[in-house]
Asks: 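One structure, as structure tokens, below. Some questions next.
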Amino acid sequence: MTYQTEIAPPLLDVRDLCTEFGTDHGTVKAVNGVSFAINEGERVAIVGESGSGKSAMAMSILRLLAYPGRVTSGKVRLEGRDLCSLSERQLNSVRGREVGTVFQDPMSSLDPVMRISKQMIPPIMRSLRLSREKARAEAILWLDKVGIPDPERRLEAFPFEMSGGMRQRVMIAMALSCRPRLLIADEPTTALDVTIQAQIVEVMKTLTAETGTAMMFITHDLGLVARFADKVAVMYAGRIVEFGPVRDIFCAPAHPYTQSLLSTIPSTKALRHERLAQIPGMPPDMKSPPQGCAFRARCAAAVARCAQDAPELSPRGSGHIAACWQPKGLEGCKRTACESRPQHGGNRPPRERTMVEINRLTKHFSSPRLFSRGPAPVVRAVNGVTLRVQQGETLGIVGESGCGKSTVARLLLGLEQPTSGEIFIDGLAQMVFQDPSASFNPKMRIGAIIEEPLIVKSWGDKAARSARLRQLITQVGLEEAHLERYPSQLSGGQRQRVAVARALALDPSVIVADEPTSALDVSVRAQIINLLVDLKEELGIAFVFISHDLLTVRYIADRIAVMYLGEVVEYGPADQVFDQPAHPYTKALIEAVPLPDPVTEARRATRLLEGELPSPLNLPKGCAFASRCPIATDICRTEKPVLRHPMKTREAACHHVNSI
Amino acid sequence: MVDYSLKKFAQLIFTVFGVVTLVFFTLRFIPGDAASAMAGDTISGEALELLREQMGLNAPLWSQYLAYLHGLVTFDFGVTITTQLPVADLILRAMPVTLSIAVLTIVLTVTLAIPLGTLAALMAHRGQNGLDNAITGTAMVLDLMPSFWTALVFLLIFSLTLGWFPASGTISFDSPVDYLKRIALPVLVLSVTQLATMARITRTAVLEVLSEDYVRTARAMGWSEMRVLFRHALKNAALPIVTVIGLSFGNLLNGTVIVEFIFTIPGIGNLLINGINSRDYQMVQTLIVFYALLFIVINFATDIIYRALDPRVKF
Amino acid sequence: MKQDATNIPQSLSNPSSLSRAARGQLARISQGRFLGNRKTRVALVILVPILLLTAFAPILPLQGPLETNLRAMMQPPSLEHPFGTDRMGRDILARTLSGVQISLLVGLSVAAIALVAGILLGTLAGFFGGIVDRTVMSIVDIFLAFPSLLLAIGLVAVMGTGVIPVIFAIALADVPRFIRLQRSLVLSLRSRAFIDAARTVSAPQGWLMRRHIVPNTVAPMLVAASIAAANAILVEASLSFLGLGIMPPTPSLGNIIRDGQTYLEQAWWISTLPGLVILAIAISFHFLSDGVREALDPRSRQ
């Protein structure tokens with residue numbers, strides 16, 4: 001343990017922390033001897049996939065684990081005091097007052113039947129020993145600081161009257177208003193849109209810097225970390241496998257897991273013909289953690305020693321430690337992971353046929369009311385969208401949640417009837433759904449699931465169908481034995497492969513994939529993206545790829561449509577849209593995407609998009625984006641811009657498109 | 001609120017109309033007709049014809065139906081066949097006893113069930129399953145005991161063996177102490193079953209709330225267990241509990257019929273059983289409609305209270 | 001009738017007599033998870049002896065249930081008469097076992113009627129929505145406006161007493177609840193992605209209902225049916241106790257207890273012991289439903 005170079009004692013010192021969950025099916029060793037330290041005012045990010053034990057570790061620090069979770073050993077020192085030996089009552093004076101907490105899901109983290117004031121003012125009164133009036137003023141001050149408009153009125157609101165982003169701001173204000181020395185943030189932005197995520201991260205960064213509060217930021221998103229963390233701890237299978245300053249972690253990662261994770265993120269400069277690096281296999285079952293290094297089964301650099309002894313953290317540079325027997329991790333075998341994509345250019349059909357054509361498509365949802373007068377409220381989910389997809393082309397649709405991108409998908413598949421407009425599809429469209437756990441009938445075997453479209457469409461006889469099944473299952477990289485299983489027996493990644501096989505069954509001409517990777521872990525995500533790209537190249541199918549993840553869309557899509565409040569605001573070739581966004585919204589979206597590179601991040605201008613998506617119930621008269629647009633002028637608020645061609649290949653709906 | 005209440009009220013009116021219509025036509029399905037069923041083998045010929053005339057059975061069906069509806073809205077439910085007394089008077093006289101039993105039962109049940117259910121939930125949440133299993137197990141057994149059997153067992157133990165409460169006897173409001181002693185056993189019997197259901201629901205509701213994120217937030221803010229329980233958990237669990245209190249009123253009405261029968265208490269439940277035994281269809285028809293109306297109104301009230309308690313419901 | 005009463009409960013663990021969909025369900029849950037479940041075993045430990053006794057009552061050394069014996073009136077429980085005798089010297093155990101047959105017949109018939117009617121009408125209402133849904137649910141609301149026992153009392157008053165009217169009366173109170181449950185299950189399934197997936201290949205509605213909707217509702221409906229069976233047994237006993245259900249001399253648990261009410265002080269056993277049997281059956285059906293639930297959802301351990 002030589003990593004601690006500072007002389008001053010750390011604010012938080014965690015030593016050999018172990019946490020278990022006793023379940024009916026065995027004990028899950030969620031945290032397996034974690035040690036690290038956070039200094040005064042330092043921002044430390046804990047990064048790991050789901051199941052890596054990062055949240056369990058964070059909750060163990062304040063003993064907030066729900067039954068059956070239990071800290072079995074280890075020490076947690078806050079300014080020298082051992083929190084593990086404190087009584088519940090003593091610990092209550094630390095919780096909130098010295099250590100503030102912000103949780104993942106802002107929608108459920110505030111008491112739904114209590115006004116914000118009732119939840120915010122008493123902790124301030126208690127922590128800072130203030131009178132009710134002064135505490136109230138303090139609460140309003142903090143709501144203002146976290147960027148809540150009209151804080152005095154908002155203080156008396158109920159949580160349900162606010163959006164997710166607003167609620168998370170309230171949570172941050174609540175935690176920071178008690179002036180804690182340390183703020184624990186457990187995936188505080190995971191449930192939020194990319195633009196809101198950028199705002200929240202910025203608020204946390206500024207305010208903790210202002211008050212000198214140290215922060216422990218737990219996330220699965222490595223890219224997010226580069227923007228603001230001082231140090232990064234990477235967790236895998238209940239242990240910290242690498243810890244160090246943010247630049248070292250990103251520029252010179254030493255552990256194979258960190259190295260693989262970084263290479264699975266599609267970079268902005270990634271070349272299309274290069275496959276994404278993917279980590280094979282799945283994380284180990286924590287009920288029976290393997291002997292030796294937990295990552296060895298997925299590691300290209302594993303040697304015999306890895307199977308016997310688990311490596312301890314050892315120094316790799318100043319303050320940089322990693323737990324791997326190989327001094328440089330994967331270096332040297334990296335090439336094999338990043339093989340280049342087989343080229344199918346030769347037999348690719350010419351891209352002349354238009355496979356999908358959407359003309360002025362609209363979809364309005366209305367809920368008639370029985371007793372009140374006036375017109376029923378109408379949600380304009382899709383508001384005049386015109387798009388085209390050529391054969392063998394991938395169209396990426398991006399936008400924040402509520403922009404209507406999923407409704408477009410449902411309209412394309414005929415799952416909803418359009419209010420007006422036309423959809424032409426040459427051939428058959430099929431879909432890959434977002435949530436791999438909900439998109440299969442749990443009572444059907446995988447074979448029956450994939451066969452269903454064939455049976456419904458009376459495709460072939462029984463023998464032909466069963467041959468087709470075997471062909472499909474191998475095509476998506478699974479084995480024939482999987483056909484006999486039930487969906488619950490498959491992992492998320494495998495299920496998404498099955499979803500692809502089902503979509504392919506009838507030889508569709510178009511596959512619509514609605515956020516196909518967002519429910520998957522980072523290391524599995526790349527596997528699915530590679531599969532989709534391979535299939536596209538191999539079969540020449542047109543793809544419509546819907547996602548909020550701009551980096552993935554950029555990697556996979558040929559053309560991109562950016563949607564905002566039911567409209568396409570920009571449309572053009574992927575690279576061009578990314579490199580030279582024409583619409584201010586596209587620009588803001590791209591700026592909000594965290595890049596896994598602290599050097600670039602430090603140089604980036606952080607001109608964040610302000611405000612939130614207006615309600616689609618009452619759209620503004622002029623440009624829908626005017627309320628959040630940094631360059632909006634009077635004309636934007638009165639006149640609706642139409643899609644124009646600022647450049648030959650592109651379209652953008654903005655009055656100021658030429659002045660950007 | 002107004003919008004929602006009006007909509008619910010419209011539904012309520014429709015349901016009430018359905019109920020009275022259903023009852024009317026069901027009774028017309030009696031083999032033969034109500035008069036001959038009523039009279040049994042005792043009378044025949046002219047006397048039966050007279051009875052038919054008196055009951056209005058000779059009029060066309062639609063005019064009978066209209067007369068029936070008219071009677072309902074003017075609170076004229078006709079007279080009983082046996083005593084020729086107005087049905088409305090008999091019901092009004094029997095109401096207070098039944099209502100007092102029902103109200104006392106609810107009060108007793110709620111005061112016992114909510115702390116017990118909460119305790120069980122707390123224990124289960126902490127993984128201390130011993131006490132939780134004891135409470136849940138007892139609640140399940142109590143819940144499944146047939147109420148008439150429980151009544152007999154209580155009668156055997158508390159009345160016949162221990163002599164604490166009278167097993168039968170006249171009932172009057174003149175002496176509150178005697179009155180309470182007289183209805184104590186029925187209330188106790190009903191409470192036992194109701195208690196079990198309500199404690200179980202409370203347990204489920206509180207247990208669910210305890211694992212909510214906002215409860216964890218309150219803990220992370222450093223609030224004590226008790227404050228978290230009372231300020232957050234119970235307040236949120238109150239919503240489903242209110243619904244269950246409303247719904248369990250139906251079971252309570254079922255139960256009053258049985259205890260009134262066993263403890264010979266002159267409430268509306270006894271009127272119903274006597275009415276059926278003496279084939280007094282005028283009485284039975286009115287009472288069934290009456291019970292249904294009571295239940296509908298209670299459910300309506302519960303629904304409105306629920307919505308008033310929950311700030312998330314926009315009015 | 002005896003045949004029926006004893007065979008139906010066995011078919012719960014013997015899948016061959018159930019529907020295709022249910023068979024698939026049970027085949028899987030019975031493989032270890034269901035029969036290995038602690039609650040299921042508790043249920044079977046109570047239920048199996050009662051069923052065996054009931055089935056073999058005729059060959060047990062007992063008096064016939066209707067046989068009187070004037071030399072052994074009001075006998076307390078003994079080896080010869082384990083549950084004692086009543087004022088006509090009839091053996092209470094024999095009468096109780098005979099009553100159990102009727103109880104099980106009523107309980108299982110009601111559960112079966114409610115299950116079938118509930119799945120049919122609930123699926124139609126939930127799946128098609130619109131006018132079908134509104135019509136079905138309006139009628140359901142009307143029936144749900146009656147407290148269940150009172151509805152049964154009212155119906156028996158009209159239809160008369162006896163096994164068939166009792167089954168019909170109790171089922172009519174349960175069917176609306178099952179329709180409502182099935183409808184809510186269907187509604188929550190209808191928006192699931194696997195239904196959408198089937199709709200993208202234009203699967204006909206009958207296919208969606210048969211392949212996707214109904215199979216996924218069978219398990220929760222079976223859980224509800226098991227509770228409904230226990231409940232129907234209690235309601236039948238209540239009706240018979242009130243003198244509105246199964247009429248003497250046919251023994252039913254309710255009317256045996258009613259007989260004993262008059263002699264509560266002199267002969268406590270007449271009323272109390274058959275009541276314990278009702279309780280035991282009701283408890284075992286509840287454990288059975290818990291067993292089904294847990295076998296299907298290992299997470300519901302709370």
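Below, each value reflects all heavy atoms present in this structure, side chains not excepted, and no hydrogens, waters or symmetry copies. This one's a predicted model, so the numbers in the text were calculated from it and none came from an experiment. Letters A, B, ... mirror the listed sequences (proteins, then strands); counts begin at 1.
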Asks: Would you mind checking which part of A:Phe440 comes under 4.5 Å of any heavy atom in chain C, side chain (CB onward), backbone (N, CA, C, O), both or neither?
Replies: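 When you check distances to chain C, only backbone atoms of A:Phe440 fall under 4.5 Å.
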Asks: If you count heavy-atom pairs under 4.5 Å between each of A:Gln434, A:Arg502, A:Met431, A:Gln430 and chain C, which one has the most?
Replies: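 Top option by heavy-atom pairs under 4.5 Å: A:Gln430.
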Asks: How close do C:Val201 and A:Val456 get, counting heavy atoms only, and between which atoms?
Replies: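 Smallest heavy-atom distance, with atoms named: O-CG1, 3.6 Å.
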Asks: Between A:Leu506 and chain C, with a heavy-atom cut-off of 4.5 Å, which part of the residue counts as in contact: side chain, backbone, both or neither?
Replies: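 It is the side chain, since no backbone atom gets that close.
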Asks: Does A:Lys29 have more than 12 heavy atoms from other residues, nucleotides or ligands lying within 6.0 Å of its NZ?
Replies: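 Count not over threshold, so no.
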Asks: So which of A:Val512, A:Leu415, A:Leu412 actually passes side-chain contact (heavy atoms from CB on, under 4.5 Å) with C:Thr200?
Replies: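 Checked A:Val512, A:Leu415, A:Leu412 against C:Thr200; only one passes side-chain contact (heavy atoms from CB on, under 4.5 Å): A:Leu415.
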Asks: Checking an interface table here. Which of residues 170-199 of chain C come within a heavy-atom distance under 4.5 Å of chain A?
Replies: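 Near chain A, by residue number: C:Arg192, C:Ala193, C:Phe194, C:Asp196, C:Ala197, C:Ala198, C:Arg199.
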Asks: Provide the closest heavy-atom pair for A:Pro442 versus C:Asn216 in the form atom of the first, atom of the second, distance.
Replies: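 That would be CG-OD1, 3.4 Å.
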Asks: To the closest 0.5 Å, what do you measure between CD1 (A:Ile449) and CZ (C:Arg211)?
Replies: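 Reported to 0.5 Å precision, the distance equals 10.0 Å.
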Asks: Minimum heavy-atom separation for C:Ser202 to A:Lys457, with atom names?
Replies: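 C:Ser202 and A:Lys457 have their closest heavy atoms at OG-NZ, 3.7 Å.
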